[in-house]
Novice: 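Before I ask anything, let me first share the structure, which is written out below as structure tokens.
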Protein chains: 2
Amino acid sequence: MPKDRAPTRIQKKNRAAILDAALNVFSAHGFRGSTVDQIATEAGLSKPNLLYYFPSKEAIHTALLSGLLDVWLAPLHDLDEAGDPMEEILSYIRRKLQMSRELPRESRLFANELVQGAPRIHDALSQDLKQLVDEKTAILKQWMDEGKIAQVHPYHLIFSIWALTQHYADFDVQVRAILGDEDPFEGAEPFIDTLYRKLLSP
Amino acid sequence: MPKDRAPTRIQKKNRAAILDAALNVFSAHGFRGSTVDQIATEAGLSKPNLLYYFPSKEAIHTALLSGLLDVWLAPLHDLDEAGDPMEEILSYIRRKLQMSRELPRESRLFANELVQGAPRIHDALSQDLKQLVDEKTAILKQWMDEGKIAQVHPYHLIFSIWALTQHYADFDVQVRAILGDEDPFEGAEPFIDTLYRKLLSP
DNA sequence: CGTGAGTTTGACCAGATGGTCAAATCAAGA
DNA sequence: TCTTGATTTGACCATCTGGTCAAACTCACG
């Protein structure tokens with residue numbers, strides 16, 4: 001393992017290659033189902049070489065998850081108290097759906113982790129995530145109290161958005177098995193848009 | 001492995017114990033993350049004893065999945081063309097939500113499999129499941145054309161029901177991390193009910 | 001260039017894991 | 001009770017897997 005100076009050109013390149021390879025492998029097979037060798041090969045390195053950059057399989061996984069958590073939560077973070085309620089929410093939903101389309105690996109990485117009880121990110125859930133959600137549901141509640149959107153359970157509103165949007169990334173195989181050639185997102189966007197307009201119209 | 005006569009008392013008991021144990025273990029850790037030893041211990045058997053009843057880990061998994069698929073799809077199967085449209089759909093949703101509450105292991109078993117690309121049940125998806133969904137969406141389409149419920153994309157309507165209801169089983173940890181002590185289903189039921197009433201009212 | 005830090009690798013290890021097998025034990029009907 | 005098929009198990013095996021290590025190699029810079 002290199003010293004703690006500024007990373008060299010090679011270090012930057014290889015670390016990035018490893019994390020990208022790890023995202024491919026972990027999101028497709030889960031933590032336990034992935035092997036260090038797979039990740040190394042995918043990154044174009046030998047196993048010992050990979051372990052020169054990260055001390056263990058677990059360390060790669062942790063680095064990946066914590067590095068992506070911010071990206072993953074950014075859309076909710078951007079929900080703006082000062083904006084137009086309906087537009088803010090619909091724009092949040094659109095961004096989430098777009099992330100399912102463009103970052104399905106990231107979605108499945110978290111899905112894999114969550115469905116197995118989140119053994120490695122439990123803390124982030126009950127701290128950072130909970131705090132963010134509490135903060136944003138407070139805004140939703142306020143909008144509801146002001147009559148700007150319909151009164152619904154704010155936490156379940158958030159859950160429903162997560163469920164509906166991430167479904168298309170996480171259960172992609174199933175969706176495609178049923179839709180055939182039709183692009184899932186083509187129909188999903190207007191469907192979800194309509195759904196929330198009807199639900200939230202005051 | 002026993003002859004192909006009628007199963008003995010012991011065979012019935014042990015096979016059932018193995019499948020129940022396998023459901024616990026596979027749903028919590030996924031296929032690759034589960035070990036035969038874990039399942040055997042959970043079933044109260046030694047590993048070789050377990051392998052006397054099922055020829056391999058894969059065979060247990062397959063038996064489990066195919067045995068549960070019918071249970072899992074029963075509510076959709078029961079969607080009745082002759083019933084009242086809104087009531088039929090809402091009752092389907094209620095049953096799905098109840099299954100997430102009462103059979104979360106089953107939900108997570110399928111979720112684990114699907115999120116990893118369904119390597120072991122791909123056929124069932126694009127055949128049995130697709131056929132069932134095609135059949136039922138035809139009914140939905142008809143109801144829409146008759147003006148009994150609002151016009152929405154019928155496939156995405158089904159997807160949304162799956163996503164919203166199974167979310168509470170599959171991502172249970174996350175939901176509980178955010179809701180704290182509050183019972184998730186307490187708030188989920190009225191929320192989802194309202195959501196679909198508003199969406200589908202003609 | 002030459003040198004020292006940074007990088008890469010072949011060989012290797014220990015433990016986990018899926019699966020086998022022959023021998024021992026048990027259960028139920030004749 | 002005796003016999004035969006069903007059941008159970010300890011010992012074992014081959015492979016996979018995460019991880020180590022010393023030696024070899026490469027690169028940047030004085």
Side-chain angles (χ1 to χ4, degrees), chain A residues 1-65 112-113 116 119-120, chain B residues 1-65 112-113 116 119-120:
Chain A
M1 34 195 139
K3 301 283 161 62
D4 54 8
R5 292 180 210 169
T8 68
R9 176 182 56 86
I10 296 177
Q11 275 168 41
K12 272 192 230 171
K13 191 193 68 178
N14 283 343
R15 269 187 225 272
I18 291 168
L19 287 175
D20 187 67
L23 178 55
N24 275 335
V25 177
F26 282 139
S27 68
H29 308 289
F31 181 77
R32 195 62 161 44
S34 304
T35 73
V36 176
D37 246 328
Q38 265 179 94
I39 300 172
T41 302
E42 186 110 359
L45 300 173
S46 66
K47 185 169 62 163
N49 198 177
L50 181 150
L51 289 166
Y52 169 73
Y53 291 100
F54 287 90
S56 69
K57 180 182 171 183
E58 181 112 25
I60 306 172
H61 195 251
T62 303
L64 195 57
L65 283 171
N112 257 304
E113 185 66 12
Q116 291 182 15
R120 279 167 287 271
Chain B
M1 33 194 137
K3 301 282 160 62
D4 54 6
R5 291 178 209 168
T8 67
R9 174 182 56 86
I10 294 175
Q11 276 168 43
K12 271 192 232 169
K13 191 193 66 176
N14 283 344
R15 268 188 225 272
I18 291 168
L19 288 176
D20 187 68
L23 178 55
N24 276 336
V25 177
F26 282 139
S27 68
H29 308 289
F31 181 77
R32 193 63 157 46
S34 305
T35 73
V36 176
D37 246 326
Q38 263 179 96
I39 300 172
T41 303
E42 185 109 0
L45 300 174
S46 65
K47 186 170 62 163
N49 198 178
L50 179 149
L51 289 166
Y52 169 73
Y53 290 100
F54 287 89
S56 69
K57 180 182 170 181
E58 180 111 24
I60 305 172
H61 194 251
T62 303
L64 194 57
L65 282 171
N112 257 305
E113 186 65 13
Q116 292 182 15
R120 281 166 287 270

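All chains are named by letter (A, B, ...) in the order of the sequence lines, taking the proteins before the strands, and each is independently numbered beginning at 1. Since this is a predicted model, take the numbers as computed values, not measurements.
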Novice: In whole angstroms, how far is the P atom of D:dA6 from the NZ atom of B:Lys13?
Specialist: 17 Å
Novice: In whole angstrom, give the distance that lies between atom CG of B:Leu50 and atom P of D:dT8.
Specialist: 11 Å
Novice: Would you kindly give the CG-to-C1' distance between B:Asp37 and C:dG18, to the nearest whole Å?
Specialist: 9 Å
Novice: Is there a side-chain polar atom (N or O) of A:Arg9 under 4.0 Å from OP1 or OP2 of C:dG6?
Specialist: no
Novice: Between C1' on C:dT9 and CG on A:Asn14, what's the gap in Å once rounded to a whole number?
Specialist: 14 Å
Novice: Please examine the side chains of B:Phe26 and B:Ile39, heavy atoms only from C-beta on, and report whether any two atoms are closer than 4.5 Å.
Specialist: yes
Novice: Go nucleotide by nucleotide along DNA chain C from the 5' end; which of A:Asn49 and B:Glu58 gets its closest nucleotide reached first?
Specialist: A:Asn49
Novice: For the pair B:Tyr53 and B:Ile10, evaluate side-chain contact (heavy atoms from CB on, under 4.5 Å) and give the outcome as yes or no after the intermediate values.
Specialist: CA-CA 11 Å; B:Tyr53 290 100; B:Ile10 294 175; 3.6 Å; yes
Novice: B:Leu45 or A:Ile10: which one's nearest nucleotide on DNA chain D is closer to the 5' end?
Specialist: B:Leu45
Novice: Which of these nucleotides, C:dT8, D:dT7, D:dC21, is closest to any side-chain atom of A:Pro48?
Specialist: D:dC21
Novice: Measuring from the side chain of B:Leu51 (C-beta onward, heavy atoms only), which nucleotide among D:dG19, C:dG18, C:dT20 has the closest atom?
Specialist: C:dT20
Novice: Are side-chain heavy atoms of B:Phe54 and B:Asn14 found at a separation under 4.5 Å?
Specialist: no
Novice: So, do A:Thr35 and A:Lys47 sit near enough that their side-chain heavy atoms are less than 4.5 Å apart?
Specialist: no
Novice: To the nearest Å, give me how far apart CD1 (B:Ile39) and P (C:dG19) are.
Specialist: 10 Å
Novice: Establish, with yes or no, whether the OP1 or OP2 oxygen of C:dT20 is under 4.0 angstrom from a side-chain nitrogen or oxygen of B:Tyr52.
Specialist: no
Novice: To the nearest 0.5 angstrom, please state how far the OG1 atom of A:Thr62 sits from the CZ atom of A:Arg120.
Specialist: 8.0 Å
Novice: For D:dT9, does OP1 or OP2 lie under 4.0 Å from any side-chain N or O of B:Ser46?
Specialist: yes
Novice: Rounded to whole angstrom units, what separation is found between the NE2 atom of A:His29 and the P atom of D:dG18?
Specialist: 13 Å
Novice: Grab the CZ-C1' distance between B:Arg15 and D:dT7 for me, whole Å please.
Specialist: 12 Å
Novice: Report yes if a side-chain nitrogen or oxygen of B:Gln11 is closer than 4.0 Å to either non-bridging phosphate oxygen (OP1 or OP2) of D:dT7; otherwise report no.
Specialist: yes
Novice: Take atom CD of B:Gln38 and atom P of C:dT17, then tell me their distance rounded to the nearest Å.
Specialist: 8 Å
Novice: Could you work out which one of D:dT20, D:dG18, C:dT7 sits closest to the side chain of A:Lys47?
Specialist: D:dG18
Novice: Distance check: side-chain N/O of A:Thr8 vs OP1/OP2 of D:dC27, anything under 4.0 Å?
Specialist: no
Novice: Could you tell me whether the phosphate oxygens of D:dT17, OP1 or OP2, come under 4.0 Å of any side-chain nitrogen or oxygen in B:Arg32?
Specialist: yes
